[in-house]
> 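This structure is in structure tokens; I'll ask about it shortly.
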Amino acid sequence: MSSARQIGAPGIGERDRDGYLTAIDGMTYGDDPSQGFARGRTFLHPRLGFSFVAPEGFAFDNGAEALLGVSPDGRALRMDAAKLAIGQSLDGYVQENWIDGTEPGPVERLDLNGMEAVTVLAKGREWTFRFAAIRLGPDVYRLIFAARDLTPAIDGGFRESLMTFRRLAQAEIDAARPLRLDVAAGARRRHGGDNRGPHGGVGPRGGALRGAERPRARRDAEGRERVKVIDE
């Protein structure tokens with residue numbers, strides 16, 4: 001420990017905060033843009049050209065294999081993509097891809113904002129699922145909503161979410177941007193741009209103020225501290 005303190009004791013070495021802030025300025029923040037990204041309850045995938053809105057209360061977890069969503073009350077969703085076999089219908093696809101251990105109900109056909117889609121309820125021992133398959137070009141997108149106690153209100157929320165699935169217009173695709181880290185200048189500090197208080201770094205009883213002992217933050221030419229912000 002004593003050896004470590006000799007090498008890296010407080011005040012020894014160069015932090016190079018300016019260099020760090022410059023290096024991360026403009027860096028992509030959050031989801032990998034190639035896998036789409038979330039804005040609140042809205043998920044959009046500019047590369048694949050679609051968007052949808054999750055039910056109220058959901059938060060997304062976007063992975064390489066699937067988009068997952070959870071809510072505080074235990075509801076869940078999963079979305080992924082698959083390929084239809086040559087000549088395979090959506091009805092046939094759904095019938096061949098039931099969730100194991102569930103009893104499916106009748107298949108319902110939908111016109112989903114100009115896209116062919118089907119949906120079905122499937123009941124398991126502990127969970128009830130609303131399964132949907134949506135054809136978009138050569139791909140089929142699978143949305144699975146799940147709840148332990150599927151009330152009419154919860155299922156209504158699932159159906160409303162399903163109906164928000166739509167193609168993105170070209171203007172929306174062009175305008176979509178992932179979040180980025182930007183380095184910006186904050187408010188200008190008073191008292192000559194340092195951390196001293198109104199007593200010039202000396203407390204009312206003559207003691208040095210703690211803030212005056214801390215390393216000064218890097219500032220721009222006008223004395224404003226550089227800070228990290230998240231922006232589109």
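Count residues from 1 along the sequence.
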> Do you know which two heavy atoms are closest between Gly114 and Asp111, and how far apart they sit?
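What the structure gives for the nearest pair is N-OD1, 3.0 Å.
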> Under 3.5 Å, is there a donor-acceptor pair linking the side chains of Gln95 and Asp91?
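Side-chain D/A pair, Gln95 to Asp91: absent.
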> Does Arg75 use its side chain to pair, donor to acceptor, with the backbone of Glu56 at less than 3.5 Å?
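Side chain of Arg75 to backbone of Glu56, a donor-acceptor pair under 3.5 Å: yes, one is there.
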> Is it true that, when you exclude Gln170 itself, more than 12 heavy atoms of the residues, nucleotides or ligands shown sit nearer than 6.0 Å to its CD?
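Above 12, so yes.
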> If you compare all heavy atoms of Tyr93 against all heavy atoms of Ala82, which two are closest, and at what distance to 0.1 Å?
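Here Tyr93 and Ala82 meet closest at OH-CB, 3.5 Å.
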> Looking only at heavy atoms, which two atoms of Leu90 and Ala133 are closest? And how far apart?
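Scanning both residues, the minimum pair turns out to be CD1-O, 3.8 Å.
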> From Leu136 CG over to Arg166 CZ, what is the distance, rounded to the nearest 0.5 angstrom?
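The CG atom of Leu136 sits 12.5 Å away from the CZ atom of Arg166.
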> Once you round to the nearest 0.5 Å, how far does CG of Leu143 lie from CD1 of Ile134?
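Those atoms lie 5.0 Å apart.
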> Give, for atom CZ of Phe145 and atom CD1 of Ile154, the distance between the pair rounded to the nearest 0.5 Å.
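Phe145 atom CZ to Ile154 atom CD1 measures 12.5 Å (nearest 0.5 Å).
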> Short question: side chain of Arg41, backbone of Ala54 - any donor-acceptor pair under 3.5 Å?
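Side chain of Arg41 to backbone of Ala54, a donor-acceptor pair under 3.5 Å: yes, one is there.
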> Say whether Ile144 and Val70 are linked into one hydrophobic cluster, either directly or through other cluster members, by side-chain heavy-atom distances under 4.5 angstrom.
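Hydrophobic grouping puts Ile144 apart from Val70.
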> Is the backbone of Gly36 close enough, under 3.5 Å, to the side chain of Asn62 for a donor and an acceptor to pair up by distance?
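Side chain of Asn62 to backbone of Gly36: a pair is present.
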> Rounded at 0.5 Å granularity, tell me how far CG in Leu168 sits from CG in Leu48.
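Nearest 0.5 Å value for the CG-CG distance: 10.0 Å.
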> Give me the ring orientation class for Phe50 and Tyr141: parallel if the planes are under 30° apart, tilted from 30 to 60°, perpendicular past 60°.
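It falls in the tilted class, 30° to 60°.
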> Taking all heavy atoms of Thr102 and all of Ala122, pick out the closest pair and write down the distance.
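It is OG1-CB, 3.7 Å.
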> Identify the heavy atoms of Pro55 and Leu77 that sit nearest to each other, and give their distance.
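Shortest heavy-atom contact: CD-CD2, 4.0 Å.
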> Counting C-beta onward and ignoring hydrogens, is there a side-chain heavy-atom pair between Leu112 and Phe52 closer than 4.5 Å?
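Counting from C-beta outward, Leu112 and Phe52 never come under 4.5 Å.
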> Might you confirm whether atom CD of Gln88 has over 12 heavy atoms from other residues, nucleotides or ligands at distances under 6.0 Å?
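Correct, the count exceeds 12.
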> Do you know which two heavy atoms are closest between Leu162 and Ala132, and how far apart they sit?
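Between these two residues, the closest heavy atoms are CD1-CB, 3.6 Å.
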> Group every Ile, Leu, Val, Met, Phe, Trp and Tyr by side-chain heavy-atom contacts under 4.5 Å, then state whether Leu68 and Phe165 land in the same group.
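Different clusters.
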> Could you state whether Phe158 and Leu110 fall into the same hydrophobic cluster, counting links through intermediate Ile, Leu, Val, Met, Phe, Trp or Tyr residues with side-chain heavy atoms under 4.5 angstrom apart?
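Looking at the clustering, Leu110 is in the same group as Phe158.
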> Mind checking the CZ-CE spacing from Arg135 to Met115? Nearest 0.5 Å is all I need.
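One gets 12.5 Å once the value is rounded to the nearest 0.5 Å.
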> Of the options Phe60, Phe58, Phe37, which is the one that meets Phe43 in a side-chain contact (heavy atoms from CB on, under 4.5 Å)?
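The side-chain contact (heavy atoms from CB on, under 4.5 Å) with Phe43 is passed solely by Phe60 among Phe60, Phe58, Phe37.
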> Could you give the distance from CZ (Arg130) to CG (Leu121), rounded to the nearest 0.5 Å?
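If I round to the nearest 0.5 Å, the distance is 4.0 Å.
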> Between the side chain of Thr164 and the main-chain N/O of Val53, is any donor-acceptor distance below 3.5 Å?
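Answer holds: yes.
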